[in-house]
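All remarks here apply to the structure that follows.
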Number of protein chains: 2
Amino acid sequence: MSLEIELGLNEPVALLAHEALLSTYYTASNLRKKAGHFLQPFGLTDVQFNLMMLLKHQSRKGEGLTQAQLSSMMLVNRANITSLIDRMEKAGFVTRTSSPSDRRSNIIVLTESGKELLDRIEPLYAEEVKRIMDILVEDEQKRLIGMLEKVRSNIKED
Amino acid sequence: MSLEIELGLNEPVALLAHEALLSTYYTASNLRKKAGHFLQPFGLTDVQFNLMMLLKHQSRKGEGLTQAQLSSMMLVNRANITSLIDRMEKAGFVTRTSSPSDRRSNIIVLTESGKELLDRIEPLYAEEVKRIMDILVEDEQKRLIGMLEKVRSNIKED
DNA sequence: ATAAAATTGTTAATATGTGTATTATTGCCT
DNA sequence: AGGCAATAATACACATATTAACAATTTTAT
């Protein structure tokens, strides 16, 4: 696919930078759409799936995570987590309990049915992601990750 | 920044693929936030800025683009363009005119004030994007774009 | 020429994202 | 101890994204 926007500037470097930005935008957008279609039959969105993956793999012994932790891990605003958990609680994927040690915090935990659903989806999802990314050899994937991390770190510092 | 999710699978390749996917997600997200903050003082969102850039650089002689063309270039659903143009029309950035040659279509054109605003922002924006991306040397930027394009093309084929 | 199919834009319902303000708590500082 | 700053969740207004259903129009097939 070719570049959609041309800056029309004299500096080729700025043009290249813009193309790199757009390429990242578009690839993320396509990846999200693909994940969305893949997860739709299971009644999950990709955001909800990612949240459940965090609960499964990033909480110690299934103790759950607070909304603030989820917000920080998912790089989204705290306010966004509130409505997300509302929907997922209603759907029966997670529970929300007030933390006994800090009454400001809520502890989010996967339900049994949430765990079961995740166990079914996870291997299929891993296979699908592998299929998509294996157009790049292992070394390329590592370089891609490295370059994107450099860009991310260069955004944050200011 | 390290990987937020670990799949816990035996296959390291699948894990790497997942990390590459998340890295693309997160980088796009950070780039969008940064662009959003940059454009906020001008009363524009990054989506609106990108749409105006398309109108400026991708329409022949400023004849404008149809909503379907914009939808296809921006990789978003047609339905989304309707409300987007509503807001931008109300803000005075663009006009919407029914096409004489195809009465199903609307022609979207930049207003004079939209053009003026864009002319002011564009060089500043190019500079900012250049600053962010120049953490990668030119050759790396090209390789990044190439890899992301490969991934995109591998998503579409099915 | 006409019927069927495709395209364009809109609307509605819903999910996800932001920023800002508010409330409830907790932690820190003197 | 008492006051003040920081943190956690929520509420609200809004922007952006999706799918599905629809009406108007154009194109295609026969």
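Protein chains get the first letters and strands the later ones, always in sequence-line order, with residue 1 at the start of each. These figures come from a predicted structure and were not determined experimentally.
Following rounding to the nearest Å, A:Phe93 (CZ) and C:dA15 (P) show an atom-to-atom distance of 11 Å. Rounded to an integer number of Å, the gap from A:Gln67 CD to C:dA24 C1' is 14 Å. Rounded to an integer number of Å, the gap from A:Leu51 CG to C:dT16 C1' is 12 Å. Nucleotide C:dG17 holds its P atom 11 Å from the OH atom of B:Tyr26, rounded to whole Å. Atom CZ in A:Arg78 sits roughly 12 Å away from atom P in C:dT18 (whole-Å rounding). One interatomic measurement links the two molecules: CG of A:Asn77 to C1' of C:dT20, which rounds to 10 Å at whole-angstrom precision. We find that CD of B:Gln40 is positioned 11 Å from C1' of C:dT20, with the value rounded to whole Å. The separation between A:Ile85 atom CD1 and C:dA15 atom P is 14 Å, rounded to whole Å.
No side-chain N or O of A:Tyr25 forms a donor-acceptor pair with one of B:Asn50 less than 3.5 Å apart.
Under the 4.0 Å criterion applied to side-chain N and carboxylate O atoms, B:Arg131 and B:Glu127 are not assigned as salt-bridge partners. A:Lys150 has a carboxylate O that lies under 4.0 Å from a charged side-chain N of B:Glu140, or vice versa, which qualifies the two as a salt bridge. Using a cut-off of 4.0 Å between Lys/Arg side-chain N and Asp/Glu carboxylate O, B:Glu112 and B:Lys115 are scored as salt-bridged.
Contact between the side-chain N/O atoms of A:Thr45 and the OP1/OP2 oxygens of C:dT16 is found at a separation under 4.0 Å.
Residue contacts for A:Leu84: at a heavy-atom cut-off of 4.0 Å it reaches the sugar-phosphate backbone alone, with no base atom in range. Residue-level contact check: A:Asn106 touches the backbone only, with heavy atoms under 4.0 Å from sugar-phosphate atoms and none from bases. Nucleic acid contact for B:Arg87: base, since at least one base atom lies under 4.0 Å from a heavy atom of the residue. In this structure, A:Thr66 reaches the sugar-phosphate backbone alone: every heavy-atom distance under 4.0 Å involves primed, P, OP1 or OP2 atoms, never a base. Using a 4.0 Å heavy-atom cutoff across all strands shown, A:Ser71 reaches no nucleic acid atom at all. Nucleic acid contact class of B:Ser105 (heavy atoms, under 4.0 Å, all strands): sugar-phosphate only.
Heavy-atom contacts of chain A under 4.0 Å fall on DNA chain D between two terminal nucleotides, which in 5' to 3' order are D:dA6 to D:dT19.
Residue pairs meeting the side-chain hydrogen bond (donor to acceptor under 3.5 Å, both in side chains) criterion with at least one partner in residues 76-87 of chain B, sequence neighbours excluded, are B:Asp86-B:Arg96.
Residue whose closest nucleotide on DNA chain D sits further toward the 5' end, between A:Ile107 and A:Ser29: A:Ile107. Positionally, the nearest nucleotide of DNA chain C for A:Asp46 lies more toward the 5' end than for the other of A:Ala79 and A:Asp46.
Under the side chain to side chain contact (heavy atoms under 4.5 Å, CB included) rule, A:Phe49 has a single partner from A:Leu54, A:Leu117, A:Leu118, which is A:Leu118.
The CG atom of A:Leu75 lies 11.0 Å from the CE atom of A:Met73; values are rounded to the nearest 0.5 Å. Note that the OG atom of B:Ser71 and the CD1 atom of B:Ile81 stand 5.5 Å from one another [nearest 0.5 Å]. For the atom pair A:Gln67 CD and A:Ser105 OG, the distance stands at 8.5 Å (nearest 0.5 Å).
Listed candidates were C:dA15, C:dG19, C:dT10. Nearest to the side chain of A:Gln48 is C:dA15.
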Might you list the N or O atoms of the protein lying below 3.5 Å from N or O atoms in nucleotides 25-29 of chain C, with each pair's distance?
unit_1: C:dT25; atom_1: OP1; unit_2: A:Arg103; atom_2: NH2; d: 3.3
unit_1: C:dT25; atom_1: O2; unit_2: A:Arg104; atom_2: NH1; d: 3.4
unit_1: C:dT26; atom_1: OP1; unit_2: A:Arg103; atom_2: N; d: 3.0

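Classification of the B:Phe38-B:Tyr125 ring pair by plane angle, with boundaries at 30° and 60°, yields tilted.
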